[in-house]
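Bear in mind that the values here come from a model prediction, so they are computed numbers and not experimental data.
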Protein chains: 2
Amino acid sequence: MDDQKPTDANGARILHPDRDLATVIGDLVAVSSRLARLAASETGNAESPAVWRTLAVLRDLGPLRLGELARASRVAQPTMTKLVHALDERGWVRRLVDAADGRAWKISLDPSGLAALDAWRAELGEALAPWFAGLSPDDVDTLIDASRIVHERLDLQPARGAVRPGGVA
Amino acid sequence: MDDQKPTDANGARILHPDRDLATVIGDLVAVSSRLARLAASETGNAESPAVWRTLAVLRDLGPLRLGELARASRVAQPTMTKLVHALDERGWVRRLVDAADGRAWKISLDPSGLAALDAWRAELGEALAPWFAGLSPDDVDTLIDASRIVHERLDLQPARGAVRPGGVA
DNA sequence: CCAATCTATATAGATTGGCTATATGATGTC
DNA sequence: GACATCATATAGCCAATCTATATAGATTGG
C-alpha cells in the first residue's frame with residue numbers, strides 16, 4: 001500500500017465541509033472522555049486518574065510549585081496538597097524546599113514516579129490493545145500526530161495569560 | 001486549496017521510529033484524560049461527564065437496553081439506572097417498554113436530549129477555543145480523523161467477542 | 001525593625017459520582 | 001406450576017473533589 005495517507009478508504013479527510021472548530025473540539029472531547037473512561041475501567045488500576053495526570057504534568061513541565069501544579073493539572077489546590085502527600089509517601093515525587101521562599105515547595109518527579117508512569121502507560125497500552133488491534137500504520141500515525149497536537153495545546157494557559165513556568169521555549 | 005495534508009510542516013508523520021502501539025495508546029489516553037479534565041473544569045457545566053457520555057452512546061448506537069447502555073458507557077448497571085432516571089426526568093431520554101421482554105426497557109434518545117448534547121458540544125467548543133486557536137487546517141484535519149478513528153474503536157466490544165465491523169485485515 | 005498585609009500551603013467539612021451487594025419482578029424450562 | 005435465570009431497582013458505602021478557612025512565611029511602608 002502506498003503511504004499516501006490522506007483520504008483513506010472512505011475519503012474521510014476530504015469530507016469535512018463546514019465542520020467548525022467548536023464542533024471538532026466538541027467531538028474530540030466527547031471521544032476523549034469515553035476513551036479515558038474506558039482506560040480507567042479496563043485497567044484494574046488502583047490509582048486515580050489524577051495521579052497519572054499529575055505525574056504526566058510534572059514530567060512535561062518539570063518541577064513546579066504546588067499551586068502551579070494544581071492549576072496545570074486542573075484541580076483545586078487542596079486537592080493537589082492531598083495528592084502530593086500521597087505521591088510523596090509512595091516516593092513518586094519529591095517535595096523540595098524552595099530556598100527562595102519558605103512557604104513554597106517545589107514538587108519534582110522522582111525517577112520512580114517516572115518509572116511508574118511508564119509502567120502505567122505500558123499496562124494501559126496492553127489493556128486497550130484489543131480495541132486498537134489491526135490499526136493501519138496510517139491510522140497509528142494520525143493518532144500520534146493528534147496526541148502531539150493536543151498535548152501542545154494543553155500546556156498553554158490562555159486563560160491566565162501564559163504563565164509558562166520553566167520557559168517552555 | 002490543496003488538500004495535500006500528510007507530512008505537515010515539520011514532517012511529523014514520518015518520524016515515529018519505533019514507538020510501539022502500547023506507547024501510542026498510552027500517550028493518547030494520557031492526553032485524552034487531560035483534555036477531558038480541562039473540558040470539565042472549563043465549562044461551568046452542571047452535568048456530570050457521565051450524562052454526556054451516555055447521551056453520546058445513545059446517539060451513536062441507537063436505543064439500547066439499560067444493561068447494554070451501562071456496558072457501552074462503562075458504568076455499573078445501578079449507576080446507569082440512576083442516570084437514566086435523571087435523564088428521563090429531564091426529558092432527554094425515553095424509557096420504552098420492551099414488548100418482547102417485560103423486565104427490560106429500551107432507552108432511547110429524545111430529540112431534546114440530542115439538542116442538549118449538541119448544545120453542550122457547542123459550549124465546549126467555545127470554552128476551549130482559546131486553547132485551539134490558530135490551529136492549522138491540517139491539524140484540524142488530523143484531529144477530526146483521530147476522533148473518528150478512536151470513535152470507531154470505542155464502539156467495538158472486543159471483550160464480548162470481537163465484533164469487528166470492517167475486517168481490518 | 002515592626003506591623004499590616006499579602007501569598008503559599010494545609011486542614012476541615014460537605015457534596016457527588018460511582019461501586020458492591022442485594023431485592024424485586026419477569027421469563028422460561030422441566 | 002415451582003425453580004433457576006435474567007433485567008432492573010434499591011440501599012449503603014467509599015473515594016475524589018470542591019469551598020471555606022487556618023497557618024506560616026514574605027514583603028513593604030513608616
For A:Leu64 and C:dA8, what is the distance between atoms CG and P respectively, to the nearest whole Å?
-> 14 Å
Quick one: do B:Arg65 and B:Asp101 make a salt bridge, cutoff under 4.0 Å?
-> yes
Among side-chain atoms of B:Arg94 and B:Ser108, is any donor-acceptor pair under 3.5 angstrom?
-> no
A:Thr81 side-chain N/O to C:dA10 phosphate OP1/OP2 under 4.0 Å | yes
With DNA chain D as reference, determine whether B:Arg95 or A:Arg53 sits nearer its 5' end, using the nearest nucleotide of each.
-> B:Arg95
Nucleotide-level pairing of DNA chain D, given in dot-bracket where Watson-Crick and G-U pairs need both distances under 3.5 Å and | marks other strands = ||||||||||||||||||||||||||||||
Closest-nucleotide 5' rank along DNA chain D - winner of A:Asp98 and A:Pro78 | A:Pro78
Roughly how many Å is it from CD in A:Glu47 to P in D:dT17, rounded to a whole number?
-> 12 Å
Find the distance B:Leu83:CG to D:dT10:P and express it as a whole number of Å.
-> 15 Å
Specify the residues of residues 101-109 of chain A, ordered by number, for which at least one heavy atom lies under 4.0 angstrom from an atom of DNA chain C.
-> A:Arg103, A:Ala104, A:Trp105
Tell me, do B:Ile107 and B:Leu87 make a side-chain contact under 4.5 Å, heavy atoms counted?
-> no
Measure from the side-chain N and O atoms of B:Ser73 to the backbone N and O of B:Val75, and report whether any donor-acceptor pair falls under 3.5 Å.
-> no
Can you check the A:Met80 CE to C:dA10 P distance for me, whole Å?
-> 12 Å
Whole-Å distance, B:Asp88 CG to D:dA9 P, equals 10 Å
Taking NZ, NE, NH1 and NH2 as the nitrogens, is one of them in B:Asp98 or B:Lys106 under 4.0 Å from a carboxylate oxygen of the other?
-> no
Closest to the A:Ala50 side chain: D:dA9, D:dT17, C:dT11?
-> D:dT17
note: A:Gln77, atom CD; C:dA10, atom P; distance rounded to Å ~ 7 Å
Taking only Lys NZ, Arg NE, NH1 and NH2, and the carboxylate oxygens of Asp or Glu, determine whether A:Glu47 and A:Arg90 approach each other closer than 4.0 Å.
-> yes
Judged by nearest nucleotide, the residue sitting upstream toward the 5' end of DNA chain C, A:Thr79 or A:Arg37, is A:Thr79
Output yes when at least one side-chain N/O atom of B:Arg71 is less than 4.0 Å from OP1 or OP2 of D:dA7, else no.
-> no
Rounded distance in Å - CG (A:Leu66) to C1' (C:dT11) = 13 Å
From CZ of A:Arg74 across to P of D:dT17 the rounded distance in Å is 14 Å
Measure from NZ or CZ of B:Arg95 to the centre of the six-membered ring of B:Trp105 and say whether it is under 6.0 Å with the direction within 45° of the ring axis.
-> yes
Should A:Asp27 and B:Arg121 count as an ion pair when the cut-off is N to O under 4.0 Å?
-> yes
Among C:dC19, C:dA10, D:dC18, the one nearest any side-chain atom of B:Lys82 is C:dC19
Between A:Asp60 and B:Arg34, is the closest basic N to carboxylate O distance under 4.0 Å?
-> yes
Counting distance only, does the side-chain N/O of B:Ser32 pair as donor-acceptor with the main-chain N or O of A:Leu35 below 3.5 Å?
-> no
